[in-house]
Amino acid sequence: MTAVKRERDGKVGILTLDDPASLNAMTPELLGDLAAAVGEMTSDTGIRALVLTGEGRGFCSGQNLKAFQSLGNDIVAGVMTHYWPAMRALRECSLPVVVAVNGVAAGGGFSLAMSGDIILAARSASFIQVFSRIGLVPDLGSTWLLPRLIGRQRALDLMLLNEPLSAERAKEWGLVREVVDDARLLEEAKALARRLADGPTRALVATRQLLEESEHASYADQFRREIEVQSVIRESADAQEGRKAFVEKRKAQFTGR
């Protein structure tokens, strides 16, 4: 049995966390299957963007405490072995990733939601850090991801006080792009993914990487790095098509190459 459903809608691959009884709580099996599913989708040249969502009433309720024992006595090794590959697969995905958050994204589920490129939220969605409520610190990348998305002070507030962040407030703070009716969430996410899939996906993914590199670079170093990447991307088929379409005053037809 798979823990993550795989579907395809044209150029868009759809990955659905599939343990609704636990609100898609994290287990080594679920995260392992998610990493495998991302790999399968990205190896399909016909798929050019991904949607990640959850089955049922919630996106992901965080760590399944009953499954925690399966990580072994060395928690660091267990998490890096079983959880890091999925988070890394999303952060370094060779395709744009839209995350459709339905219901709660709690603890590690909040981290998972932030691992994609753009978040859409259902009106019923909420985000909560939850870690300090049980005497723990945020993990699975939260302390790196969240302050970069909403700023240090807001991130610290959420982490220390554990107050749920509504979908509407998450939009105000810049965490999510749009809030949509629950019944429309998946369709809106697929529409956004199709828009990305029709774009120059090599350039889009390179843009994501440049933004991440910029967090640790000086202005001068990043200025040079942009041109280094540009010198490679400009030789791509999509860049050549983009320039040609501009001259010919027509819409570019990108292929991801």
Side-chain angles (χ1 to χ4, degrees), residues 4-16 33-53 84-100 112-120 141 145 148-149 174 176-178 186-257:
V4 177
K5 291 193 296 188
R6 287 92 152 152
E7 300 173 87
R8 179 173 175 173
D9 185 345
K11 299 176 185 177
V12 176
I14 305 158
L15 301 178
T16 305
D33 199 32
L34 178 57
V38 172
E40 292 166 18
M41 289 289 187
T42 55
S43 66
D44 184 338
T45 57
I47 293 176
R48 298 189 51 214
L50 299 181
V51 170
L52 173 65
T53 192
W84 170 240
M87 309 298 276
R88 181 178 183 179
L90 291 168
R91 290 300 296 175
E92 299 180 3
C93 186
S94 59
L95 303 172
V97 179
V98 175
V99 181
L112 183 61
M114 293 187 288
S115 295
D117 295 316
I118 301 177
I119 302 174
L120 293 186
L145 294 164
R148 285 165 171 78
L149 289 171
V176 307
R177 182 180 193 272
E178 200 64 68
L186 186 56
E187 286 306 312
E188 293 291 341
K190 289 194 292 186
L192 180 56
R194 283 192 291 270
R195 180 176 169 186
L196 292 167
D198 286 338
T201 48
R202 279 189 62 189
L204 300 183
V205 171
T207 298
R208 175 217 295 151
Q209 184 58 41
L210 281 169
L211 282 177
E212 296 207 350
E213 291 177 8
S214 73
E215 296 287 345
H216 312 287
S218 68
Y219 173 63
D221 288 344
Q222 192 66 12
F223 189 98
R224 180 181 180 86
R225 180 61 180 149
E226 290 170 352
I227 301 305
E228 290 172 346
V229 174
Q230 193 77 287
S231 67
V232 175
I233 293 295
R234 73 186 307 275
E235 300 303 320
S236 69
D238 275 352
Q240 294 176 46
E241 162 64 6
R243 293 194 296 272
K244 185 177 179 182
F246 179 80
V247 170
E248 296 175 356
K249 298 182 179 180
R250 60 174 174 80
K251 184 178 180 180
Q253 300 296 316
F254 296 119
T255 61
R257 297 193 294 273

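Remember, predicted model here, so these are calculated numbers, not experimental data. Side chains included, hydrogens not; waters and symmetry mates left out as well; all remaining heavy atoms used.
Between atom CG of residue D33 and atom CG of residue L15 there is a gap of 9.5 Å, rounded to the nearest 0.5 Å. If you take CZ on R48 and OG1 on T255, they are separated by 6.0 Å, rounding to the nearest 0.5 Å. Atom CD in E92 sits 7.0 Å away from atom CD in Q209 (nearest 0.5 Å). Separation of atoms OG1 (T42) and CD1 (I47) is listed at 9.0 Å; rounding is to 0.5 Å.
For R8, the CZ atom counts as densely surrounded, since its 6.0 Å shell holds more than 12 non-hydrogen atoms of other residues, nucleotides or ligands. Within a 6.0 Å radius of CZ in R148, more than 12 heavy atoms belonging to other residues, nucleotides or ligands are found. Taking a 6.0 Å sphere around CZ of R224, one finds it holds 12 or fewer heavy atoms contributed by other residues, nucleotides or ligands.
Annotation for V99 and A113: closest pair CG2-O, 3.5 Å, computed over non-hydrogen atoms. When all heavy atoms of D238 and G256 are compared, the pair lying nearest together is OD2-N, 2.9 Å. Taking each heavy atom of A203 and I233 in turn, the nearest pair found is CB-CG2, 4.1 Å. Here the shortest heavy-atom pairing between V229 and A206 reads CG1-CB, 4.0 Å. Across all their heavy atoms, S115 and L145 have their closest contact at OG-CD1, 4.3 Å.
Side chains of L112 and L34 form a contact here, defined as non-hydrogen atoms less than 4.5 Å apart. Annotation: side chain of M41 is not in contact with side chain of V38 (no heavy-atom distance under 4.5 Å). Counting heavy atoms from C-beta on, the side chains of V232 and R202 come closer than 4.5 Å. At a threshold of 4.5 Å between non-hydrogen side-chain atoms, the residues E188 and E178 do not count as touching.
Under the 4.0 Å criterion applied to side-chain N and carboxylate O atoms, K190 and E187 are assigned as salt-bridge partners. Classification of R177 and D117 as a salt-bridged pair fails, no side-chain N sitting under 4.0 Å from a carboxylate O.
Using modelled atom types, no side-chain atom of R88 and backbone atom of A35 make a donor-acceptor pair closer than 3.5 Å. One N or O on the side chain of R208 and one on the backbone of C93 form a donor-acceptor pair closer than 3.5 Å. E241 places no side-chain N or O within donor-acceptor distance of the main-chain N or O of A252, the cut-off being under 3.5 Å. Using modelled atom types, one side-chain atom of R243 and one backbone atom of R234 make a donor-acceptor pair closer than 3.5 Å. A donor-acceptor pair under 3.5 Å is absent between the side-chain atoms of T201 and the main chain of A197, judged by distance alone. With D198 contributing its side chain and F254 its backbone, the two residues share no donor-acceptor pair below 3.5 Å. A donor-acceptor distance shorter than 3.5 angstrom exists from the side chain of T53 to the backbone of A100, with no hydrogens or angles considered. Counting only distance, with no hydrogens or angles, the side chain of Q240 and the backbone of E235 share a donor-acceptor pair below 3.5 Å.
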Quiz item: Checking side chain to side chain contact (heavy atoms under 4.5 Å, CB included) for the pair E213/D221: CA distance, chi angles, key distance, verdict?
Solution: CA-CA 10 Å; E213 291 177 8; D221 288 344; over 6 Å; no
Self-check item: Q222 and L210: CA distance, side-chain angles, deciding distance, side chain to side chain contact (heavy atoms under 4.5 Å, CB included) verdict
Solution: CA-CA 8 Å; Q222 192 66 12; L210 281 169; 3.8 Å; yes
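Each of T16, L90, V4 was evaluated against L52; a single residue qualifies, L90, per the side chain to side chain contact (heavy atoms under 4.5 Å, CB included) test. With respect to V51, the side chain to side chain contact (heavy atoms under 4.5 Å, CB included) criterion is satisfied by exactly one of V12, V97, L120: V12.
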